[in-house]
Structures are given as structure tokens and as C-alpha cells.
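All remarks here apply to the structure that follows.
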Amino acid sequence: MRNLLPLISSHPGGRSSLTCRFRCGDACFKETPNTSDNEYAGDIIARAVSRRSMMRAAAVVTVAAAAGTAALTGPNAPQAEAAALAGHGHKPPHKPAPSGARGLRFSPVAPNKDDKVTIPDGYSQNVVIRWGEPILRGAPAFNPDKQSAKAQAGQFGYNNDFLSLLPLRGERGRQVLVANHEYTDEILMFRGYDPANPTREQVEIAWAAHGLSVVVVQEEYRTGKLGPVSRHPLNRRLTATSEFRVTGPAAGSDLLRTSADRTGSRVLGTLNNCAGGTTPWGTTLHGEENFNQYFANGNTAEHKRYGIGTGATERKWERFDRRFDLAKEPNEANRFGWVVELDPYDPDSTPRKRTALGRFKHEAAQPRLTSDGRPVVYMGDDEKFDYLYKFVSSKRMKKGTSRAAREHNLTLLDEGTLYVAKLTGDSPAAEIDGTGKLPTDGEFDGSGVWIPLATGTTSHVPGMTADEVYVYTRLAGDKVGATKMDRPEDVEPSPRTGRVYVALTNNSDRGKEGKAGADEANPRNANKHGQILELAENWDDPAGDGFAWRLFLVAGDPNDPATYFSGFPKESVSPISCPDNVAFDDHGNLWISTDGNQLGSHDGLFGVATHGDRRGELKQFLTVPTGAETCGPVIQDRRVLVAVQHPGEVDGASVEKPASIWPDGPGKIVRPSVVAVWRKDGRDIGV
């Protein structure tokens, strides 16, 4: 038997301390914001499951047996798989074909620590766009020694994260690329940067490097290479000082009003945009995540619950704009932490912060439609012991691209009901011992309910108004006893089956004294590697109030008994640690990017089969350079895109002492960039 792979860092999640400083404000080293004593799944397991929950579970299993389409079985799943998913512990036989699952037929990349993007044999790559490349008319070429806020506002932003590629009608070979720019690392941006005394110029450049980019890209004929079309009319930059509208039921609330905006309906900027989503009506969604780190002098219980500190910030922005000082503007932080909706086809439109989707550390927001056309958006709050949410719209999407349809569809996320999840395991509490050992039924699984928090101006949470529910959504989740999860990040419904996949990245505090212990959905104490949860709405109705769930993957070294790959032979999978962003290909495979690999390798991108006799077969597609995180990703038939975020972000690194020479080689500044990968023979990925 192979030895376990070596751990490379004692830092939470495997990140460098430099990444923790600038990305999330050292959240792992501070008191966990969720100090509530609300119920969690471990408490619930110890009690009898309610008769109503048992009836729901029974109904799901009955439908699975009768039709093979509900619960956690897809319409094409074999009967053996259906039996296993119904909780009988029977595993389907695995007869791996030499070629692998369709869409995953490539030679997996071995774990490595190479300072480059490593891809499978037979594939090629190119850098699509780098930090600082001009995309707007009049923007200068990037010069790291002559940066300015004006230049950066016309250039591709820093630390690209979420990516979306949208079609562009009438322009052959072109698509619209939308990118989030999550955060800035000034130590790697500016020569001689002094963290204690940033200059106004440096701060204003950082404001301009945050936000969103829209840039049209052109495909090179005969290859998968992409490049930016600079100065295209659709190209756009949105920064920390651009104007955004606040919409939905909390717009105009007293909790959102400031001295600069007495209406509570206009906000300058979007901050810490992490992952996102692409809507069926052609817009993009962007989650504002670790916004707390930009605000100084927090002084309320609500500030503390959102992780806002009581002193100065890392970047010292409060010295240059009073809105970042909560002693002067206590409501300014309430104007961040939302899902932003952008219309990339209208460069003159004002993006909107959708209050109906709640306020927390949004990792992502990916919609699916109900059978009658109403969007349902699934969302995770990326914090240890925080919650999983969904929003169900009360309006139906209008089909087509007419002006009337687009205007209507831009109101879909303003009216509906916001829910939070409570999960219940189906195994005895004694079998969930914190080691990750499978219970006797052979799976970590159970049922769950969606607890309503608010609908329009009506609160469903005792003691809280609707405005308070939307603005202080975390506190609402505390009050109703939502399940404390291991950092719920990206949440994606499968376009093929409707099953919802939740990336739970890690939780080093699970099981510590005074903290929530292991439960069936979060089965390991001191969880370093994370897991992927699979959820199926009862009757396959995304608007319903109940679901079945199970752990699809329990990540880590395959040689570790505490890992699980849906029963697939563990000697035949790639090691994976700290799942973060997820996406689907057209074959129904789930693609997973990682953040903070704890297994002696750089972060990477992985594909895993979700159905059939190869379900659980996981293969690594690429790794990223030293210090980098894999973000994005976008999986097309003939192309894979990833955002290579914070390359070179290693402790002790600086502009003068780079830890990476990617992407442009020695003597060049390290630049976060977007990379495209394609097959050399021009055929589809993995087939």
C-alpha cells in the first residue's frame, strides 16, 4: 500500500499566510464569527427524526424505486445504483474501461510543485489575458513601474476568480468573457510597498484593480487559443468606485443608508467578488465574499458576526475614504456582502445588488429553473460553521431576447423566498466519531429541510424584521437552527440531473472544544481536506422544502481510510484536497478547482464522473504555478478556461523577491491571468 502523501503546511487550508492576510483578512486566526448555540446536525441525529421528515424520505425513496428519477438517482442511472442511493448500502460493480468516463479520457496530471500550468499530454494552452492588459479605449499598455488608478480602471483587474464565457451573436469566433477580481495583494503589486503606510496612489490603484471585467475574446482559427479584443464596445471595467444599484425588498432600508446615500439605494463599488454564476436569461451573478476585511473599527454585535474587526484594516483604506471607517459610517459595511447581477451585453447598464438573496460571504450563485420557469439560486456562506441557502423566485422567466423579455428577467431575483438548510443524518450518532469512518450503511447520507427566512416584506424569523433578515442573514440562520457546515463555497446544480453539488472546503475548527463536533454531513474533526455534498430536491422540485443528501466525495489522500469517492476504487483516482469552485461539462461530469491543497502538490483542476458505473472516478486535469489557486473554471466542449489567481503568493515574496516567474519568465512581475487549454488534435476535451 502506498504511503500517505506528505502535508506541506500547518496553515489552515494549506494557504500561505500572505494569502490569508490579503484574501480574507486572516479569518482563520480570528474568533469564528458563528458563536451561536443553535442546533447542528450532530444534535439532531441524537434524537428521533420527525415523522414528517421520515415521510419525506420515504416518499423520495418510493419515487426512486418506481421511476428511477427522484432522490439521488438520475434518469439514466442503473438499478444497482438506485438501490445504493436509496440507502441499502449496496454498491454497483465497477468495471473500469481503459478509456475512462466520457469527457474524462485524458492521462491525469501527477501531483507536482512545478512553477507552471501543467496539462495532460496531447493538450496545448495559452494565456488569454493578464492583469493590467488594456481593454478599454485609451488605456495604456501595462507598466508595473508606472501604474496609476486611471490606467488600471481601463485595464484587466487583479486576481481573477469567477469566469463566464457568453456567446456573441453576429461576430464569428468571438465570445464575451466576464471575470471577477477578488482582491489585491499590494506586496506583489508595488515595489517597496510599506504595509503600515500605503500611499493614496497605491490605494486608488487597488480600488481600480478590484471589481469586474467584461472583455470580448477572439478564438484563433484552427486552435483553441483565445485573445482579448481590446477596445471592443462591450468591454467594461467595474471597480470599487463604480456605481451600483440596490434592489429588492431591503432597498431603501434604514440599515443601508449612509451620509453619502440617504436613500439606501446607491452604492459605490463591489468588493471581494469570488465565484458567481451565469443565468439562463444571459446575465452574470457575482458573489461579494470577504468584504469584512475592508472595514475598520467595527463596534456592534452584527459587525462581529460578520467578522469585522475592531481596529485598523490591513490595507488602511479608512485613512483615505471615511466610508471604510465604521466609527464614522456604521452602515457602509451593510452595503456589501450581496449577490451582484450584471448585464454584460449592455455596457451602459448599472449592475444591481440583489437584497432578496440575503447578505453573507457569498461564494457563488448559480440558478436552475423550476418546471414552470422560476429561477432557484443556490448559495454558500464561505465561513467555518456557516450555512447553505437557496432563493426561490416568485416570477417566471420570459424566453427570448426582446427588450421586454430582458427587462422582465432583470426583475426575477427581486421577489421570492429566501431559505436556509438544516440537514439530518440517518446513522446513529455513535457511528459518526469524527474520524471519517463510514457508518454501517456504507454512506454519509440523510435528509434535510429548507427553512424559510423571508418572503418579500414578510419575515419568517421570530424577533427579526424582513429588513433585518436580509441585511443580517447570518443571524437569521442562527435563530432558526440551520446546520453548521464546513465552509460551504461554490454550489452548482447539474444541468443534466438537477442534483446540487456543494463544495465544503475544510474546517480546522470542527470538533475543537466549544465548537460543533462531527456530524454526518461534516464527518471529520479538524477537517483539512473538505468534501463534496450531493443534494437532491424531493420530487426533483427545486422550489420544494425538503431534500435528500449524501456526501459524494470525502477529499484527501486516497490511501487515507477517511476518504471516499462514491465507492469507486481509490487506487484509481487522483488525490484531491480543499475543493472550492465547481462546474459541469456537457457529459454531466463535475469539474472541481482547489484552494489550499494540503497534500504536497500545487492546486489544480479535477474532473469526476457523477453517474454510471464510473461514478466517483476523479482525475486531475491541470495544476497551477507556485503559490497560485485554481479559479473559474469554464468547461466547454473543446476548451477549458481557468483563472490562475495569486501566483507567487508565498510567505516572504515581494516584487523584489518573487516566488514565481509565471507567466512571463524571469525578470517580469508575476501577474494573475486567465488560461485556456485545448486538445492539439482539435477534438473535444476528454473524448
Side-chain angles (χ1 to χ4, degrees), residues 126-143 148-158 160-181 205 207-221 224-245 266 268-270 273 276-286 340-353 400-410 632 634 636 639 641 643 672-674 676:
N126 83 292
V127 174
V128 179
I129 190 167
R130 299 161 172 80
W131 162 50
E133 289 195 33
I135 62 174
L136 300 187
R137 189 176 302 277
F142 179 68
N143 184 333
S148 70
K150 181 179 179 181
Q152 177 64 84
Q155 297 167 335
F156 194 69
Y158 197 80
N160 33 226
D161 195 300
F162 167 73
L163 302 174
S164 181
L165 266 180
L166 298 167
L168 186 56
R169 296 179 180 178
E171 298 191 31
R172 185 177 180 182
R174 291 183 173 182
Q175 299 177 79
V176 181
L177 174 67
V178 184
N180 281 355
H181 301 294
I205 292 168
W207 289 344
H210 277 73
L212 316 173
S213 287
V214 180
V215 55
V216 172
V217 291
Q218 175 75 52
E219 181 177 23
E220 184 179 273
Y221 185 59
K225 183 177 181 180
L226 290 177
V229 181
S230 62
R231 302 172 181 82
H232 191 281
L234 290 183
N235 289 1
R236 191 176 187 189
R237 277 303 321 282
L238 294 149
T239 73
T241 59
S242 301
E243 185 174 285
F244 290 73
R245 285 181 55 193
R266 298 278 176 176
L268 290 183
T270 184
N273 300 93
T278 303
T279 70
W281 52 94
T283 63
T284 51
L285 304 179
H286 309 266
V340 175
E341 183 170 13
L342 170 71
D343 183 353
Y345 295 107
D346 183 357
D348 297 320
S349 62
T350 301
R352 309 173 191 202
K353 298 194 178 190
T401 58
S402 68
R403 180 176 178 180
R406 290 191 67 78
E407 289 180 352
H408 169 81
N409 292 337
L410 285 172
V634 174
Q636 297 184 316
R639 184 185 297 108
L641 256 68
S673 305
V674 177

Task: Taking every non-hydrogen atom, the tightest pair across Tyr345 and Leu234 - done: O-CD2, 3.6 Å
TODO: State, to 0.1 Å, how close Ala139 and Gly154 come at their nearest heavy-atom pair, and which atoms those are.
DONE: CB-O, 3.3 Å
TODO: Please answer whether the main-chain N or O of Leu410 pairs with a side-chain N or O of Glu341 as donor and acceptor at a distance below 3.5 Å.
DONE: no
- [ ] May I ask you to test the Pro228-Glu133 pair for a side-chain heavy-atom distance under 4.5 Å?
- [x] yes
Task: Arg403: salt bridge (charged side-chain N to carboxylate O under 4.0 Å, His left out) partners, not counting sequence neighbours - done: Glu407
- [ ] Would you give the length of the straight line joining atom CZ of Arg172 to atom OH of Tyr221, rounded to the nearest 0.5 angstrom?
- [x] 7.0 Å
TODO: Write out all pairs satisfying salt bridge (Lys or Arg N to Asp or Glu O under 4.0 Å) with one or both partners inside residues 134-143, taking only residues at least two apart or from two chains.
DONE: none
Task: Nearest atoms (heavy-atom pairs only) where Trp281 meets Arg406 - done: O-NH1, 3.5 Å
- [ ] Examine distances only and state if a side-chain atom of Asp161 and a backbone atom of Gly632 form a donor-acceptor pair shorter than 3.5 Å.
- [x] no
TODO: Calculate, to the nearest 0.5 Å, the distance between atoms OG1 and CZ belonging to Thr350 and Arg266 respectively.
DONE: 5.5 Å
Task: Phe162 side chain reached by Asn273 side chain, heavy atoms, under 4.5 Å - done: no
Task: Heavy-atom pair with the smallest gap, counting every atom of Val178 and Pro344 - done: CG2-CB, 3.9 Å
TODO: Compare all side-chain heavy atoms of Val214 with those of Asn235 and state whether any distance is below 4.5 angstrom.
DONE: no
Task: For the student: nearest non-hydrogen atoms of Ala208 and Ala153, plus distance - done: CB-N, 3.9 Å
TODO: Mind checking side-chain hydrogen bond (donor to acceptor under 3.5 Å, both in side chains) for Glu171 and listing every partner two or more places apart, or none if nothing turns up?
DONE: Arg174, His232
Task: Sub-4.5 Å side-chain heavy-atom contact between Lys353 and Arg245 - done: no
Task: Worked check of side-chain contact (heavy atoms from CB on, under 4.5 Å) between Ser164 and Thr278 - done: CA-CA 7 Å; Ser164 181; Thr278 303; 2.7 Å; yes
TODO: Look up atom OG1 in Thr241 and atom CH2 in Trp207, then write down how far apart they are to the nearest 0.5 Å.
DONE: 8.0 Å
TODO: Decide yes or no for Asn180 and Asn160: does some side-chain heavy atom of the first lie under 4.5 Å from some side-chain heavy atom of the second?
DONE: no
Open item on the list: If only side-chain N and O atoms count, and only distance matters, is there a donor-acceptor pair under 3.5 Å linking Ser213 with Arg237?
Closed with: yes
TODO: Look up atom CG in Leu238 and atom CD in Glu243, then write down how far apart they are to the nearest 0.5 Å.
DONE: 11.0 Å
Open item on the list: For a side-chain contact (heavy atoms from CB on, under 4.5 Å) check, start with the C-alpha distance between Leu166 and Gln175, then their side-chain angles and the critical distance, and finish with the verdict.
Closed with: CA-CA 6 Å; Leu166 298 167; Gln175 299 177 79; over 6 Å; no
Open item on the list: Tell me if a side-chain donor or acceptor on Asp343 pairs with a main-chain N or O of Pro351 at a distance below 3.5 Å.
Closed with: no
Open item on the list: Whether the side chain of His181 engages the backbone of Gly157 through a donor-acceptor N/O pair (distance < 3.5 Å, no angle test) should be reported.
Closed with: yes
- [ ] Please step through side-chain contact (heavy atoms from CB on, under 4.5 Å) for the pair Leu177 and Leu163, ending with a clear verdict.
- [x] CA-CA 7 Å; Leu177 174 67; Leu163 302 174; 4.2 Å; yes
- [ ] Report the residues that fulfil side-chain hydrogen bond (donor to acceptor under 3.5 Å, both in side chains) with Thr284, sequence neighbours left out, ordered by chain and then residue number.
- [x] His286
Open item on the list: Which residues pass the side-chain contact (heavy atoms from CB on, under 4.5 Å) test with Ser148, not counting sequence neighbours?
Closed with: Lys150, Ala151
- [ ] Supply the atom-to-atom distance Asn409 CG to Thr279 OG1, rounded to the nearest 0.5 angstrom.
- [x] 8.0 Å
- [ ] Report the residues that fulfil side-chain contact (heavy atoms from CB on, under 4.5 Å) with Pro280, sequence neighbours left out, ordered by chain and then residue number.
- [x] Pro367, Leu369, Met397
TODO: Determine, using ring centers only, whether Phe156 and Trp131 are less than 6.0 Å apart.
DONE: no
Task: Side chain proximity check, Val229 to Val215, heavy atoms < 4.5 angstrom - done: no
Task: Under 3.5 Å: donor-acceptor pair, side chain of Arg236, backbone of Pro347 - done: yes
Task: Charged N-O contact under 4.0 Å between Lys225 and Glu219 - done: no
- [ ] Report yes if the side chains of Val674 and Leu641 come closer than 4.5 Å at any heavy-atom pair, otherwise no.
- [x] yes
Task: Flag side-chain contact, heavy atom, 4.5 Å: Thr283 against Leu342 - done: no
Task: Donor-acceptor pair, side chain of Asn126 and main chain of Leu226, under 3.5 angstrom - done: yes
TODO: Specify the closest pair of heavy atoms between Val127 and Ser673, including all atoms of both residues, with the distance to one decimal.
DONE: CG1-CB, 3.8 Å
- [ ] Starting at OG1 of Thr270, measure out to CZ of Phe244 and round the result to the nearest 0.5 Å.
- [x] 5.0 Å
